[in-house]
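Just below is one structure, and these are the notes that go with it.
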Amino acid sequence: MIDTKKIKLKIFSIILLLILASCKNIDSPKNIDSIELASPDKKLVVSINNVDSLTYKLSLNGDVFIEKSELGISIDENDVYSNMEIKSVEKKSNNYSYPSMENSDVAYDVNNEYTIRFEDENGTNYDIVWKIWDNAAAYQYVFNNSKEKRIDYEDSEFKLDPNSTVYYNTELLDMQEIYQVSKVSDMKENTIMAALPTFKLPNDQGYVCIGEANLKDYSGMALKYMGNNTFKSHYWNTINGFDTSINKSPWRIIFAADNLNDLVNNTIAQNLNDEPGEDFTWVETGKATWFHGADKEGKIIEDEAIKNLEAAQRLDIRYMVIGNNWRNWSEDENTAFEKVAKIAELCEKYGVGLFIGNDVPDMDLSGDNMYDPDIRRDFLKKAKNAGVSGIKFGHIQTETPQAINVYREISEDAANEKLLVIFHNSNKPTGLNRTYPNFLTQEGVKGMQYNLSTTNANIIPYTRLITGGADFTPLNLANSTRMGDGTLSHMLANTVIIRSNLLTFMETPYNIDNSEVNEFISKVHSSWDETIVLNQSEIGELSAFVRKKDNQYFLAIQNSNTKDKKIEIKLDFLDENKKYKSLEFRDDFDDKSNAIKNENEYQKNDIIEVELLSGGGFVSIFEEVE
């Protein structure tokens, strides 16, 4: 007779063993030594290892872009991850989109997010969160407490192939220097560079750029070369550490792409910042010039002001800017604001808004200090009452936690007054304009006030501009020295390629309007719907961009000062079965301060041949023929 009880017991035992075996595979009580994190398309992979020390490496399409590098942070003299074990990994997929004012009108935030839980023998928990996109990876240390703590230093490392070429900036205060170029193997040990260096990997593997995002109550990051092809996160303004109660670090971003189009077309820094907390539909980007039409005491010179405002109308220039000199119009601030109000009222009659300058001095100074919330809000209220559209804040020039916070505090207080802001002599962009769209642009770049360097202008789009626009102040017609080693056509290309949501020209509206480039400037835009970086582009050598706005396509090419070039551009970015009329400006090989204007018709299957002077350029606007 069959003993059914014994059979049932055996079956139950087998099932129990199978369940236990499967549980070990899913949620093993053993510690996790290694993890692989992948992008949505599975081409970008981050490999985490926690055997001897906590390290990672990053690969794209099977090629290693970041070699084995350390992770970690010291808090209150304790290297918190060194004695911790990985207990769990949680994954979720994110897929969002939102309106953008970067290289396109819509930003896409599609990533895989991994939360890695660490635990020490006392049960203390710390996390590291990774987000992996198809063209970038970012990580953040999570402390899981909001107590006051001392951040000593980071062990965050980025190790690259020694044969990589690095494009970098060592001016930490405001990034206003010509970018330097070096092989990684030739770098001097202890070199400190501002964030957003870009590395071109050998054998055309691709590009890496390193930055940060969502700074709050934290010191800004530079990169220090440690030797052995390794760059390390460095708090350049607080080298002995700083105190904070924040419960997580900013994001450390590794942009990784096998082509320049994918490197440029990202909104990773913005994705990593908080969504806007209020309505910003009132924000309007636009072109700008300096205001011309007031004497040294702030009295309006009516003829001069009106001729420039009328020209601004014709050129679709939306804003004019007055520097800090308005404060010298009277010893009394209220009287100076009265003079500002009269200029703002005159500008408004022509549909032009007004920006005024205001420095942000050292936080320890007394007087008109923008670090003081009461003084700051009182100033912003007075500016709003005077009819001002925006403020050009200047000279923060540090990245202490207090300085980092003041960018956010100024933007928020200005938003409450519906005022726009820009920052000069600033740090690098970190995506804060996602949270505060009234934060239109910032400098953090060596612009044309130092005269044009065409080689530098061909490095900026792939370094400094990766996380936000730059107030480069392109185009000057009256002062030939500002042209530097470039041509007029190159300066026109700058207005398209070196983007800024406040696109300020270093020229009067009247002079632009009475030049041959007036029609081009009247049509160029300060924000774009779509951007394409063409294959002819090469860092430091040549930039060829297509930008689209509504039904217009803009082709802009800018050459470095190395040699004359001749290139062919396929117009396959145009729409099928449509004809386009074009307005073109080419280099004049006999006079670099002049540009040759042409008008043509093209279709999608056509090719344009472009001859470029050393330091030259080319621009064309394509508009559909009705």
Side-chain angles (χ1 to χ4, degrees), residues 279-359 368 370 375-394 410-411 413-422 424 437-441 471 473 501-514 521-522 526:
D279 175 32
F280 282 93
T281 54
W282 54 272
V283 169
E284 184 179 352
T285 69
K287 295 174 289 192
T289 67
W290 291 91
F291 178 79
H292 294 268
D295 64 18
K296 292 181 179 180
E297 295 179 351
K299 182 180 178 181
I300 295 173
I301 306 170
E302 193 164 322
D303 290 347
E304 181 77 9
I306 288 174
K307 78 176 186 179
N308 278 291
L309 287 165
E310 288 176 343
Q313 268 190 325
R314 290 188 289 270
L315 295 167
D316 193 29
I317 289 173
R318 179 68 185 86
Y319 299 103
M320 288 190 176
V321 183
I322 295 173
N324 296 350
N325 57 306
W326 70 273
R327 287 192 169 279
N328 298 325
W329 293 347
S330 174
E331 292 183 1
D332 175 63
E333 184 183 69
N334 292 330
T335 303
F337 264 124
E338 288 173 6
K339 295 181 178 181
V340 168
K342 289 179 180 178
I343 295 174
E345 184 179 7
L346 178 62
C347 288
E348 188 179 12
K349 291 178 182 178
Y350 294 87
V352 174
L354 186 67
F355 274 72
I356 60 171
N358 193 52
D359 273 350
D368 185 25
M370 293 298 103
I375 294 173
R376 180 175 66 241
R377 291 164 189 163
D378 180 64
F379 167 77
L380 291 168
K381 192 173 292 294
K382 287 178 179 178
K384 183 66 175 179
N385 291 338
V388 167
S389 297
I391 312 296
K392 176 185 173 181
F393 288 102
I410 286 173
S411 299
D413 287 343
N416 291 336
E417 296 290 347
K418 288 188 165 47
L419 286 169
L420 304 170
V421 295
I422 66 173
H424 265 230
N438 62 316
F439 179 173
L440 289 187
T441 193
D471 197 8
T473 57
N501 289 324
L502 189 77
L503 182 60
T504 305
F505 308 121
M506 191 188 291
E507 189 52 88
T508 69
Y510 181 80
N511 284 347
I512 297 172
D513 194 43
N514 285 275
I521 295 301
S522 72
S526 56

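Between Glu417 and the choices Lys381, Lys384, Arg377, the salt bridge (charged side-chain N to carboxylate O under 4.0 Å, His left out) rule is met once, by Lys381.
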Side chain to side chain contact (heavy atoms under 4.5 Å, CB included) between Ile317 and Tyr350, intermediate numbers included: CA-CA 10 Å; Ile317 289 173; Tyr350 294 87; over 6 Å; no

task: Please assess Glu302 against Leu346 for the test side chain to side chain contact (heavy atoms under 4.5 Å, CB included), listing each intermediate value before the final yes or no.
output: CA-CA 9 Å; Glu302 193 164 322; Leu346 178 62; 5.8 Å; no

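Every residue two or more places apart in sequence or in another chain was checked for a side chain to side chain donor-acceptor pair (under 3.5 Å) with Asn501, and none qualifies.
Smallest separation of non-hydrogen atoms from Ala414 and Leu380: N-CD1, 3.7 Å. The two residues Trp290 and Ile322 make their nearest non-hydrogen contact at CZ3-C, 4.1 Å. Nearest heavy atoms, Ala344 versus Ala386: CB-O, 3.5 Å. Residues Leu419 and Gly390 approach most closely at CD2-N, 4.2 Å, considering heavy atoms. Of all heavy-atom pairs between Gly286 and Ser526, the closest is N-OG, 3.0 Å. The two residues Ile343 and Ala294 make their nearest non-hydrogen contact at CD1-CB, 4.1 Å.
Looking at heavy atoms from C-beta onward, Lys287 lies in side-chain contact with Asp316 at the 4.5 angstrom threshold. A heavy-atom distance below 4.5 Å is found between the side chains of Ile301 and Asp295. Residues Thr289 and Thr508 fail the side-chain proximity criterion, which asks for heavy atoms closer than 4.5 Å. Residues Arg327 and Glu333 meet the side-chain proximity criterion, which asks for heavy atoms closer than 4.5 Å. In this structure, the side chains of Lys418 and Asn438 stay at 4.5 Å or more apart for every pair of heavy atoms. At a threshold of 4.5 Å between non-hydrogen side-chain atoms, the residues Val340 and Trp329 count as touching.
Not one N or O on the side chain of Lys342 forms a donor-acceptor pair closer than 3.5 Å with the backbone of Gly298. A donor-acceptor pair is defined here as one N or O able to donate and one able to accept, closer than 3.5 Å; such a pair exists between the side chain of Asn514 and the backbone of Tyr510.
Lys392 forms no cation-pi arrangement with Phe355, by the criterion of a distance under 6.0 Å to the ring centre and an angle within 45° of the ring axis.
Interatomic distance, CD of Glu297 versus CG of Asn328, reported as 11.0 Å (0.5 Å rounding). To the nearest 0.5 Å, atom CG of residue Asn308 and atom SG of residue Cys347 are 10.0 Å apart. Of the inter-residue distances, the one linking Phe505 atom CZ with Leu315 atom CG reads 8.0 Å to the nearest 0.5 angstrom. Between Asp471 atom CG and Leu502 atom CG the span is 6.0 Å, to the nearest 0.5 Å. Separating the OH atom in Tyr319 from the CG atom in Leu354 is a distance of 11.0 Å, to the nearest 0.5 Å. Note: Ser389 OG to Arg318 CZ = 6.0 Å, rounded to the nearest 0.5 Å.
Sparse packing is recorded around CD of Glu345, with 12 or fewer heavy atoms of other residues, nucleotides or ligands lying under 6.0 Å away.
Between Phe337 and Trp326, the angle of the ring planes lies from 30° to 60°, which puts this pair in the tilted group.
Counted by atom type alone, Asp332 and Ser330 present zero donor-acceptor pairs between their side chains at under 3.5 Å.
Taking 4.0 Å as the cut-off between side-chain N and carboxylate O, Asp303 and Lys307 do not count as a salt-bridged pair.
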